[in-house]
Structure formats: structure tokens, C-alpha cells
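Note sheet for the following structure.
We use all heavy atoms of the structure for the numbers below, so side chains are in, but hydrogens, waters and symmetry mates are not. Chain letters run A, B, ... following the sequence lines, proteins first and then strands; every chain starts at 1.
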Amino acid sequence: MTQGVRGTRDFYPEDMRVRNWLFEKFHSAARSHGFEEYDAPVLETEELYTRKSGEEITQQLYNFEDKGGRKVALRPEMTPSLARMVMARSGALALPIKWYSIPQCWRYERTQRGRGREHYQWNVDIWGAGGIEADAEIVSVLVHFFRSVGLSSEDLVIRVSSRKVLEEVLGSLGVTGGAFSETCIIVDKMDKLPAEAIEAQLTELGLGPDAISTIQSVLGIKDMGDLEGALGSTSEAVSELGSMFSLFESYGIGDWVELDASVVRGLAYYTGPVFEAHDRAGELRAVCGGGRYDRLIGTLGGKDLPATGFGFGDMVVMELLRDKGLVPDVPHGAQDVVFGMGAGLRGAAMEVASAIRSGGRSADLVLEDKKMKWVFKHAERLGAERLVMVMPDEWSRGAVKIKHLGSGEESEVPFDQL
RNA sequence: GCUGUGAUGGUGUAGCGGUUAGCACGGUGGGUUGUGGUCCCGCCGGCCCGGGUUCGAGUCCCGGUCACGGCCCCA
């Protein structure tokens, strides 16, 4: 009875303080870059997610039929909802738009460390800007966030590549269209699955051994020079990535980013630059991932609009922050505890609390008859700054006794000077 | 789907065949005190469920349930 649904979490106030702290960092990083918040329902039509590809996300859909027989799903990610919202207003939006959200997302799968069935995923996106400047701006938001919680480029690395790398390689091998996005999904699992399994899957897609080894060697590239050597000097992927890295320098985040051609991301809709942030120690799964998805609206039946963004889960980053000792002790928040001595002064205590609250301070009022001992313990537990005592003698003089818990100093303060 | 570990007061835990089942936090009553944070004392409250072994099971065995990890699947 006290247990929730498997894979879900309860947030008690002490957990909520930490969550709010984290979310506040999300909010301020996004706002610092001029992004605006939006939201959408947790429940969407299942259709929005049935892309019938090999993506984990569509196979782990938390879906069911509602009482009207409609097939619905708890959103596994925010991007389709965002695309739906953008599409619905396509003519009316002043582009580009820079929007962010912190939606709760769901997936039905076996639970593991850092993988529940529910998590909060910070999403930051830019729509209507087709250049790599938008992609670089997105990465800048990310780094801004990392720095704001005390993480450094020694803790994390953002590996960057482009879907165009693989697209050009596969194009030269005659693989295009659907086979291309399927290949991306397989290749994304390279570090999770043994090499033989990857090869078997690629073979199944109709790729020969030579093609497979070409793919593998290109994906091993971690240097712009090597990439140019492999794709040629006229390669769009090369010039785009080259420009991006130079923009990263302008942003002053060059030490956070690295070229890594093996980054392709497991979602079918990516089309251009893609990136993932990982802990340098390599102990955790990806902290976040994102990239450009210029053709998503097209697959939903609308007119394409360039877009780029990232999704950032709350669970993995919290594990990293805990490992690094960067999670702060967030205090309860009540500045004052107001206590009326005895039931006769209950009303007086309420007057005092109201005056304090009107003055802009937060006050926790003791609602029942409690002993002094309990009151002190309570104030200490809350981490309150002051204890405001409404006592018979003082109150008869129209005053209260205020004790500063930190210093132990106390003084009598007239009611009208509260 | 496979596999490992675990389940002890409200919470976090110790106990590994015979204990009045221990400790901390909490709750509650009291002492000290300036009606007063520390300190001290009393009390409340527990072995996941069902079988079995044994003179005796929280402890060992079997089954179940749940939780937490790891893997597979994820085409």
C-alpha cells in the first residue's frame, strides 16, 4: 500500500528541495541564453511516437487504451510534443523560437541504476534557425548549466559529431533513406553491444563486409584532420564540424568538446550535428544528448522546419553530482519560528506571524501546545534563523522576545517594530 | 526472459541456531534549565508471507511476494 508503481519515485520534501535546486539551475541556464519555458500534457496519442523503427524509445512506450478506446501513451520524450505545438502554430510563430521545458517522461522497461520508468528531462530547443550557430548556442546552454552546478571540463566531455559523417560514408556505399536511419540506430549501440552483434545486424541490413569495415574505421575517428582525410576536402560534414569547433572556441567552451565520429544518437530523426555529454571517468551512461533534427515535422505530416536541441535527464546527472560531492544541503527555508506560550496566546502568535509574513519574512507558526524544548528542537531542525516567542509578560507590554539561533542573542522587540 | 543480493520498530541499521532481539533518529513522559537548543533518565514500537528441519529458527532449507543491482531483449 505504501509502495508506488515500479520504477517511479516519491519526492519527500527533503528530496524535493534538491530537485528544485537542480531544476532552478536548469531554468537559469536556459533563461541566461534567452530561452522561454513551455509545457505540454504528459499524455499524448500513441501515434505521435510510432515511427516503427528500431529505436528503444518507441519500443519502450508506456501506452494503453483510454476509456474511449483511444490509443494513448505517456510521453517518452518531449520533442514530438514540441514538434506538434510548433506545427500547430507554424505560420504564427516569430522565428527562430528558443524554448525549453522540464517535462516528466515515461518509458516501460526493466529498471536499472540511473534508469527508472519515469524521469524529468530538461529540453532546450531552437526552431527556425538552420545554421550551426544554433547548434553551438545549444551546447553553450549545456556548458553554462554544468559550470553553474560546479562541474568542470575535467568531469565531463561533450562528444560531437554529425549525422552527415555517416550519411556521406553510407552514401558513397549506396546506402540512403530508411536504411541510413536504421544504420544509425544500430551504430549508436556499438559501445553497448559486442562487435559481432553489430556486424550481424549491419549484414542483415544488406551491408557487405567491406562496407562494415569502412563504417567502423570512419566511426573511430576523433580528429578533424583524419575526418577530412576520410571524407575529402569537399565534405559538408567536415566543413560544418570545422566551423562548429571554431564557434565553440568563441564561446570559450573549447575544452568541453571533442570530435568523436562514433556519436550518432539512437533517435531516427537526427539529421545534422549530434552530441552527447559523458562523465570523463566513463562510469555512467550518457548525461545528455541532442542534435539537429530538420525533418521531424515532415515525418509528422507537416512542412519541415529546421530545429536543434537536447534532452537532459535528471537521474544520471544527480548520480554524477553525488559522486563529486556537489549536491548542496538545501535548507528548509523558514526564516522564523513563531511560538505562542500556551493556548491563551495562540491568537497573539497568529498576529505576530502575520505581521512577520507581511513584512516579507517566512515564518513557521507552532500550531499546537508544545514544550519549549520541542520548539527549540523544531527550529533547529528547520534551520531557522530566529525564534520568535510570544510570552505572557512581554506580550502584556506589547512586545515579543526574539532569539537569534545562530548567536544565541536575544532581545525584546515591540510588536509594531516587527 | 536470465541472474545476483537483500527484506529486523515509523526511518536507518546490528544480530548469523538458545539474546529480556541491540543501537541511532523519531514519538512520548520526566530530570537539569532563564518556561530555553546541549546533557541525563523512563516509556512506545520490530524479525515480509507460507511451509519444512530442530528440543529450540530473526538466524538453516524450500516456495512465494516485494525491493535493489547486473545482463539479455531492445531489428
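For the pair Gln112(A) and C68(B), the criterion of a side-chain N or O lying under 4.0 Å from OP1 or OP2 is not met. Phosphate contact (OP1/OP2 of A67(B), side-chain N/O of Arg6(A), threshold under 4.0 Å): present. Side-chain nitrogen and oxygen atoms of Arg381(A) include at least one within less than 4.0 Å of the OP1 or OP2 phosphate oxygen of G26(B).
The nearest whole Å value for the distance from the CD atom in Gln60(A) to the P atom in C73(B) is 13 Å. Atom pair Lys377(A):NZ and G29(B):C1' shows a separation of 13 Å (rounding to whole Å applied). Look at CZ on Arg9(A): it is 16 Å from P on A67(B), rounded to the nearest Å. Atom-to-atom, OH of Tyr108(A) to C1' of G1(B) comes out at 13 Å; the value is rounded to the nearest Å. Put simply, CG on Asp369(A) is 17 Å from P on G27(B), counting in whole angstrom units. A straight line from CD of Glu319(A) to P of C68(B) spans 13 Å, rounded to a whole angstrom. If you measure from atom NE2 of His378(A) to atom C1' of G26(B), you get 15 Å, rounded to the nearest angstrom.
A 4.5 Å side-chain heavy-atom check between Arg75(A) and Val42(A) finds at least one atom pair inside the cut-off.
Separation of the C1' atoms belonging to G9(B) and U28(B) is 15 Å when rounded to the nearest angstrom. On the P atoms, A24(B) is 16 Å away from C44(B), given to the nearest whole Å. Comparing U3(B) with G12(B), their P atoms sit 29 Å apart, to the nearest whole Å. Comparing C23(B) with C40(B), their P atoms are spaced 14 Å from each other, to the whole Å. Remark: the separation of the C1' atoms in G17(B) and G52(B) is 15 Å, to the nearest Å. G42(B) and A67(B) have their P atoms separated by 40 Å, with the value rounded to a whole Å. When the C1' atom is used for both C25(B) and G46(B), the distance is 15 Å, rounded to whole Å. Atom name C1', nucleotides C48(B) and A7(B): the rounded distance is 6 Å, in whole Å.
Map Thr111(A) and His404(A) each onto its nearest nucleotide of RNA chain B; the residue landing nearer the 5' end is His404(A). Nearest-nucleotide assignment on RNA chain B puts the 5′-proximal partner with Lys370(A), out of Lys370(A) and Thr8(A).
A salt bridge links Arg9(A) with Glu118(A): the closest approach of a Lys/Arg side-chain nitrogen to an acidic carboxylate oxygen falls below 4.0 angstrom. The pair Glu258(A)-Lys222(A) does not meet the salt-bridge criterion, since no charged nitrogen lies less than 4.0 angstrom from a carboxylate oxygen. A salt bridge between Asp336(A) and Arg386(A) is present, with a side-chain N of the basic residue lying under 4.0 Å from a carboxylate O of the acidic one.
Between Phe312(A) and Phe146(A), the ring planes lie tilted relative to each other; the angle falls in the 30° to 60° range. Under the 30°/60° scheme for interplanar angles, the aromatic rings of Phe145(A) and Phe26(A) are found to be tilted. The aromatic rings of Phe35(A) and His33(A) lie tilted to each other, with the angle between the two planes from 30° to 60°.
In this structure, G17(B) forms no base pair with any nucleotide, since neither Watson-Crick nor G-U wobble geometry is met with both distances under 3.5 Å. In a base pair of the Watson-Crick type (N1 to N3 plus N6-O4 or O6-N4) or a G-U wobble (N1-O2 and O6-N3), with each distance short of 3.5 Å, U65(B) is matched with A7(B). Across the strands present, G56(B) finds no partner; the criterion is a Watson-Crick or G-U wobble pair with both atom distances under 3.5 angstrom. Using the Watson-Crick or G-U wobble rule with both distances under 3.5 Å, C43(B) pairs with G27(B).
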From CA spacing to verdict: side-chain hydrogen bond (donor to acceptor under 3.5 Å, both in side chains), His332(A), Asp364(A): CA-CA 11 Å; His332(A) 172 281; Asp364(A) 181 60; 6.0 Å; no

Apply side-chain hydrogen bond (donor to acceptor under 3.5 Å, both in side chains) to residues Asn123(A) and Tyr38(A) and explain how you reach the verdict. CA-CA 10 Å; Asn123(A) 277 250; Tyr38(A) 68 95; 5.1 Å; no

Interface polar pairs with nucleotides 34-36 of chain B, N/O, under 3.5 angstrom:
{"unit_1": "G36(B)", "atom_1": "O6", "unit_2": "Lys401(A)", "atom_2": "NZ", "d": "3.0"}
{"unit_1": "G36(B)", "atom_1": "N1", "unit_2": "Glu410(A)", "atom_2": "OE1", "d": "2.7"}
{"unit_1": "G36(B)", "atom_1": "N1", "unit_2": "Glu410(A)", "atom_2": "OE2", "d": "3.4"}
{"unit_1": "G36(B)", "atom_1": "N2", "unit_2": "Lys403(A)", "atom_2": "NZ", "d": "2.0"}
{"unit_1": "G36(B)", "atom_1": "N2", "unit_2": "Glu410(A)", "atom_2": "OE1", "d": "2.6"}

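Closest contact between the side chain of Leu405(A) and the listed nucleotides C68(B), G37(B), G26(B) involves G37(B).
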